[in-house]
Amino acid sequence: MSSTWLITGATSGFGRLVGERALAGGAHVIAVGRRRDRLAELAELAELAESAPHGQVTPVALDLTAPDAQDVLAEAVRSAGGLDVLVNNAGYGLFGAVEQVDADAARAIFDTNVLANLTVLRATLPALRAARGRILQTSSLIGQFAWPSSGLYSASKGAVELISEALAHELAPTGVKVTIIEPGTFATEFSTSLQVVAPNDVYLPTVGQFLTDFAALPPQAFGDPDTVADAIMAVAELDEPPLRLAVGADAVEHIRASLRSRLAELDRWEHFPRVPAGERA
């Protein structure tokens, strides 16, 4: 794998796992994250990995919401001599009733999950077009629908989904391929960065109950995150990758159920509003 990958959120979770796999294949990984210590660990792994003598890491310690983030990323890509694969993976979770999530928290999650995602795209697209490269955008199963408590998080991932769909159409003539990765529930460090707004009495029966039920899920309800990393590596190699890839049985099940529900509602209400009987000719 003589290619260059840029991975955001590379210090933990899916980003770290994908970075390790790309290095094992001999890639040059531009690893982007906030934690310098975690980036140093990945760089050390590249130096010690006998199975990937040609793999290397360029660590980029960066807050993707910083004013100079686009320039920093663009310079990293220029210094690497180009870019073949972007894994646009950075983000965090926010759960709470829509009414109870304050303006600062709502703005912050869109700054990170949506606007920073766009910053990364603007910094990397010229090089990706030159290489006819691949873009993998990390979404979620709840980028397709929302649970009680996931409104703001789902909205941020839904924005990524639609931005990515438009981008795929816009880039089609250039040869750049875009795939949206929609993981289900996996055992990653996502929960450690998850922000939760405790429900008040109004939302205890809905948001409160959902959060209680979710917290009670047994360990076996959470999939092996290696599954997602393997899927990302595999789809990056496809000549004609899918626009969306749901990963995990729960993701497939819940997204399918949501789509069926939406289709049923569309069928039921497609002729609404109907002309009142007294106004018909």
Side-chain angles (χ1 to χ4, degrees), residues 1 3-65 69 72-73 76-77 80 83-93 112-113 116-117 119-120 123-124 133-141 143 153 157 160 179-195 219 222-237 245 247-248 251:
M1 183 189 298
S3 57
T4 300
W5 291 49
L6 190 149
I7 304 171
T8 65
T11 57
S12 64
F14 302 137
R16 173 63 181 261
L17 293 172
V18 172
E20 291 175 356
R21 283 159 172 73
L23 285 171
H28 177 187
V29 175
I30 303 170
V32 183
R34 297 190 185 197
R35 293 190 56 178
R36 294 180 184 274
D37 57 335
R38 293 287 187 89
L39 292 173
E41 289 173 5
L42 192 60
E44 184 179 357
L45 182 66
E47 293 174 1
L48 297 176
E50 296 180 0
S51 62
H54 302 298
Q56 67 179 97
V57 171
T58 296
V60 180
L62 181 65
D63 179 347
L64 291 172
T65 65
V72 171
L73 293 174
V77 171
L83 186 64
D84 300 289
V85 181
L86 167 64
V87 182
N88 211 352
N89 171 71
Y92 70 93
T112 297
N113 289 9
N117 186 287
T119 294
V120 176
T124 58
R134 302 301 175 90
I135 298 172
L136 297 115
Q137 296 270 78
T138 302
S139 178
S140 167
L141 80 162
Y153 177 71
K157 289 302 185 180
V160 170
T179 297
I180 306 159
I181 306 296
E182 300 168 333
T185 49
F186 286 87
T188 69
E189 297 177 27
F190 177 82
S191 60
T192 63
S193 64
L194 181 66
Q195 298 181 16
F222 296 85
D224 182 350
D226 283 327
T227 304
V228 178
D230 290 341
I232 289 173
M233 299 304 295
V235 81
E237 295 294 325
L245 182 67
V247 185

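For the side-chain contact (heavy atoms from CB on, under 4.5 Å) test, residues two or more places apart in sequence or in another chain that qualify with V72 are V60, L62, D68. With sequence neighbours excluded, no residue satisfies side-chain hydrogen bond (donor to acceptor under 3.5 Å, both in side chains) with S140. Judged as a side-chain hydrogen bond (donor to acceptor under 3.5 Å, both in side chains), and not counting sequence neighbours, the contacts of D63 are R34, T65. Taking A61 as the reference, R36, L39 meet the side-chain contact (heavy atoms from CB on, under 4.5 Å) condition, with sequence neighbours excluded. Residues passing the side-chain hydrogen bond (donor to acceptor under 3.5 Å, both in side chains) test with N113, sequence neighbours excluded: S156. Partners of T112 under the side-chain hydrogen bond (donor to acceptor under 3.5 Å, both in side chains) rule, at least two apart in sequence or in another chain, do not exist in this structure. The side-chain contact (heavy atoms from CB on, under 4.5 Å) test applied to S139 returns K157, E161, I180, E182, not counting sequence neighbours. In this view, R134 satisfies the salt bridge (Lys or Arg N to Asp or Glu O under 4.0 Å) rule with no residue, not counting sequence neighbours.
The CD atom of E41 lies 10.0 Å from the CD atom of E20; values are rounded to the nearest 0.5 Å. In this structure, OG1 in T58 is found 15.5 Å from CH2 in W5, a value given to the nearest 0.5 Å. One distance of note links CG of D84 with OG1 of T4; it measures 5.5 Å at 0.5 Å rounding. With values rounded to the nearest 0.5 angstrom, L83 atom CG is found 6.0 Å from I30 atom CD1. Separation of atoms CG (L141) and OG1 (T185) is listed at 7.0 Å; rounding is to 0.5 Å.
Shortest non-hydrogen contact noted between G19 and V29 is O-CG2, 4.1 Å. The nearest pair of heavy atoms linking A251 to P183 is CB-C, 4.1 Å. Nearest heavy-atom pair, A31 versus L42, reported as atom, atom and distance to 0.1 Å: CB-CD2, 3.7 Å. Of all heavy-atom pairs spanning A187 and P225, the tightest one is O-CG, 3.4 Å.
You'll find the side chain of V77 reaches within 4.5 Å of the side chain of L6, heavy atoms only. Using a 4.5 Å heavy-atom cutoff, the side chains of V57 and E44 are not in contact. In this structure, R16 and I7 have side chains that are not in contact, with every pair of non-hydrogen atoms separated by 4.5 Å or more.
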Given the rule in the side chain to side chain contact (heavy atoms under 4.5 Å, CB included) test, do V228 and I181 qualify, once you have shown the distances and angles that lead to the verdict?
-> CA-CA 8 Å; V228 178; I181 306 296; 4.3 Å; yes
Does the side chain to side chain contact (heavy atoms under 4.5 Å, CB included) test come out yes or no for V85 and L136, once each step is laid out?
-> CA-CA 8 Å; V85 181; L136 297 115; 3.6 Å; yes
Yes or no on side chain to side chain contact (heavy atoms under 4.5 Å, CB included) for L73 and T8, after CA distance, side-chain angles and deciding distance?
-> CA-CA 10 Å; L73 293 174; T8 65; 5.5 Å; no
Working for side chain to side chain contact (heavy atoms under 4.5 Å, CB included), residues R21 and D230 = CA-CA 8 Å; R21 283 159 172 73; D230 290 341; 2.8 Å; yes
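I232 pairs with exactly one of L17, N89, L245, V18 by the side-chain contact (heavy atoms from CB on, under 4.5 Å) rule, that one being V18.
Sorted by first then second residue, the salt bridge (charged side-chain N to carboxylate O under 4.0 Å, His left out) pairs that include residues 3-13, not counting sequence neighbours, number zero.
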